[in-house]
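The analysis underlying the following values was restricted to heavy atoms, covering all of them including side chains, and did not include hydrogens, waters or symmetry mates.
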Amino acid sequence: MGNYLVLQTDFGLVDGAVSAMYGVAYTVDPNISIENLTHEIPPYDIWVASYRLYQTVKYWPKETVFVSVVDPGVGSERKSVVAKTKSGHYIITPDNGSLTHIAHYDGLEEVRLIDEVKSRLPHSEESHTFHGRDIYAYNGARLASGEITFEELGSVTDVSSIESLEITESTLDETIMKGSIDVLDVRFGSLWTSIPSVFLKDLAITQGNHLQVTIYHEDKKVYQNIMKFVKSFADVNVGEPLVYVNSLVNLGVAVNQDSFSDLYNIGTGNDWKIEIRKAPKIIFD
């Protein structure tokens with residue numbers, strides 16, 4: 001194994017939950033390297049957890065072990081799984097949709113079911129509400145340290161059988177790019193869309209062109225404006241909206257030095273759709 005263990009949760013850092021996960025992992029092997037992806041996933045938001053894995057996993061060395069715990073169904077009949085991605089990484093997580101984006105965009109090579117009775121922190125059998133500590137961090141550390149192999153963690157299950165969330169496919173409909181608002185650049189309030197930047201070339205859109213941006217929530221139009229497509233935020237004045245290419249090479253929508261999401265009450269997920277097209281002149285329809 002790569003000896004890296006990367007943790008993601010919706011626990012926050014206001015109590016001892018994350019520290020307990022660290023402690024369990026270091027008890028398994030004090031020499032593993034434990035890092036944080038984030039512990040600020042919005043509570044119960046499986047969609048965002050799935051997206052953050054997709055955003056991050058590929059940039060870590062192969063064989064890095066990720067533990068993702070956003071688990072509103074903890075203690076229920078939902079399953080626990082360990083997945084090997086086609087990029088050669090491992091993810092231990094509840095089977096509740098947290099693997100959706102990785103499976104869709106990067107691919108899963110194999111998935112195994114973890115036995116929650118046998119493969120858990122010793123003497124934790126009476127607890128049913130902290131699988132992040134008792135099952136995920138524990139088995140993540142065992143896998144990262146080489147104490148156990150991927151194959152030994154559980155029995156194979158069909159990749160197509162795992163839980164999956166709905167993903168809106170981006171499309172290029174003649175002159176209109178269509179997609180969803182997948183997630184926020186949280187600290188700055190920018191919108192990260194599912195629209196790939198390659199669509200820009202198909203429409204001969206270059207930096208400095210004006211684009212018409214229309215946003216829908218549950219099929220109701222909630223925002224429409226004309227803004228520039230630019231290389232960076234500094235290419236427009238403070239307070240101006242812009243379209244740019246984000247770090248995942250998809251289109252983003254932002255306001256220079258302000259939060260687009262907060263200003264216009266824009267959310268994320270499949271209920272939030274976005275359309276972008278070239279606007280040689282102002283067009284509202």
Side-chain angles (χ1 to χ4, degrees), residues 1-13 16-41 45-46 48-71 80-116 119-122 124 130-154 156 159 162 183 186-187 247-248:
M1 285 299 127
N3 220 34
Y4 291 108
L5 178 64
V6 181
L7 305 179
Q8 170 177 275
T9 73
D10 59 352
F11 298 164
L13 296 172
V18 172
S19 182
M21 293 173 69
Y22 267 72
V24 166
Y26 280 134
T27 299
V28 171
D29 183 352
N31 296 312
I32 61 175
S33 178
I34 306 175
E35 303 292 342
N36 298 318
L37 194 162
T38 180
H39 296 291
E40 300 300 331
I41 299 293
D45 198 330
I46 298 166
V48 173
S50 173
Y51 195 94
R52 296 305 180 198
L53 287 171
Y54 161 61
Q55 177 187 352
T56 308
V57 165
K58 68 187 76 174
Y59 297 105
W60 280 81
K62 290 183 178 181
E63 298 192 334
T64 294
V65 177
F66 290 81
V67 164
S68 179
V69 191
V70 176
D71 194 13
S80 295
V81 296
V82 55
K84 183 177 182 179
T85 71
K86 289 188 176 179
S87 60
H89 301 86
Y90 298 96
I91 304 171
I92 296 178
T93 187
D95 179 23
N96 59 9
S98 293
L99 294 170
T100 296
H101 288 85
I102 289 282
H104 184 81
Y105 292 110
D106 298 334
L108 299 178
E109 183 175 306
E110 188 172 290
V111 178
R112 291 177 175 265
L113 299 176
I114 297 174
D115 188 326
E116 295 181 359
S119 297
R120 64 182 299 140
L121 181 69
S124 68
F130 198 177
H131 287 178
R133 175 196 65 197
D134 300 337
I135 295 172
Y136 303 127
Y138 175 65
N139 285 302
R142 295 171 76 205
L143 183 58
S145 67
E147 179 182 301
I148 194 170
T149 67
F150 171 69
E151 291 75 17
E152 291 171 330
L153 266 176
V156 175
V159 170
I162 64 172
V183 78
V186 178
R187 189 168 179 82
S247 61
L248 293 182

Drop me the distance from Ile91's CD1 to Tyr136's OH, to the nearest 0.5 angstrom. 13.5 Å
In this structure, OG of Ser80 is separated from CG of Leu153 (nearest 0.5 Å) by 11.0 Å
Salt bridge (Lys or Arg N to Asp or Glu O under 4.0 Å) filter on Glu152, not counting sequence neighbours, yields none
Donor-acceptor pair, distance only, cut-off 3.5 Å: does the side chain of Asn3 make one with the backbone of Asn31? yes
By salt bridge (Lys or Arg N to Asp or Glu O under 4.0 Å), Glu109 pairs with (sequence neighbours left out) Lys84
Do the non-hydrogen side-chain atoms of Asn139 and Val82 ever get within less than 4.5 Å of each other? no
Is the shortest heavy-atom distance from the side chain of Val18 to the side chain of Thr9 under 4.5 Å? yes
For Asp29 and Glu147, what are the C-alpha separation, side-chain angles and deciding distance, and is it a side-chain contact (heavy atoms from CB on, under 4.5 Å)? CA-CA 9 Å; Asp29 183 352; Glu147 179 182 301; over 6 Å; no
Note, Tyr105 side chain near Leu248 side chain (heavy atom, < 4.5 Å): no
For His101 and Ser50, test the side chains for any donor-to-acceptor distance below 3.5 angstrom and give the result as yes or no. yes
Closest approach of Thr56 and Trp60, non-hydrogen atoms and distance? O-CD1, 3.6 Å
Heavy-atom nearest pair, Arg112 first then Gly154, reads NH1-O, 2.7 Å
For Asn36, side chain to side chain donor-acceptor pair (under 3.5 Å) partners two or more places apart: Tyr22, His39
Rounded to the nearest 0.5 Å, what separates atom OG1 in Thr93 from atom CD1 in Ile46? 8.5 Å
Leu99 versus Val81: any side-chain heavy-atom pair under 4.5 Å? yes
Sub-4.5 Å side-chain heavy-atom contact between Thr85 and Asp106: no
I'd like to check Val48 versus Val70 (side-chain heavy atoms, cut-off strictly below 4.5 Å). Are they in contact? no
Is there a side-chain contact between Met21 and Val67 (heavy atoms, below 4.5 Å)? yes
Report yes if some heavy atom in the side chain of Arg52 is under 4.5 Å from a heavy atom in the side chain of Leu37; otherwise report no. yes
Report the relative orientation of the aromatic rings in Tyr90 and Phe150; use parallel for angles under 30°, tilted for 30 to 60°, perpendicular for over 60°. tilted
Between the OG1 atom in Thr38 and the CD atom in Gln55, the distance rounded to the nearest 0.5 Å is 9.5 Å
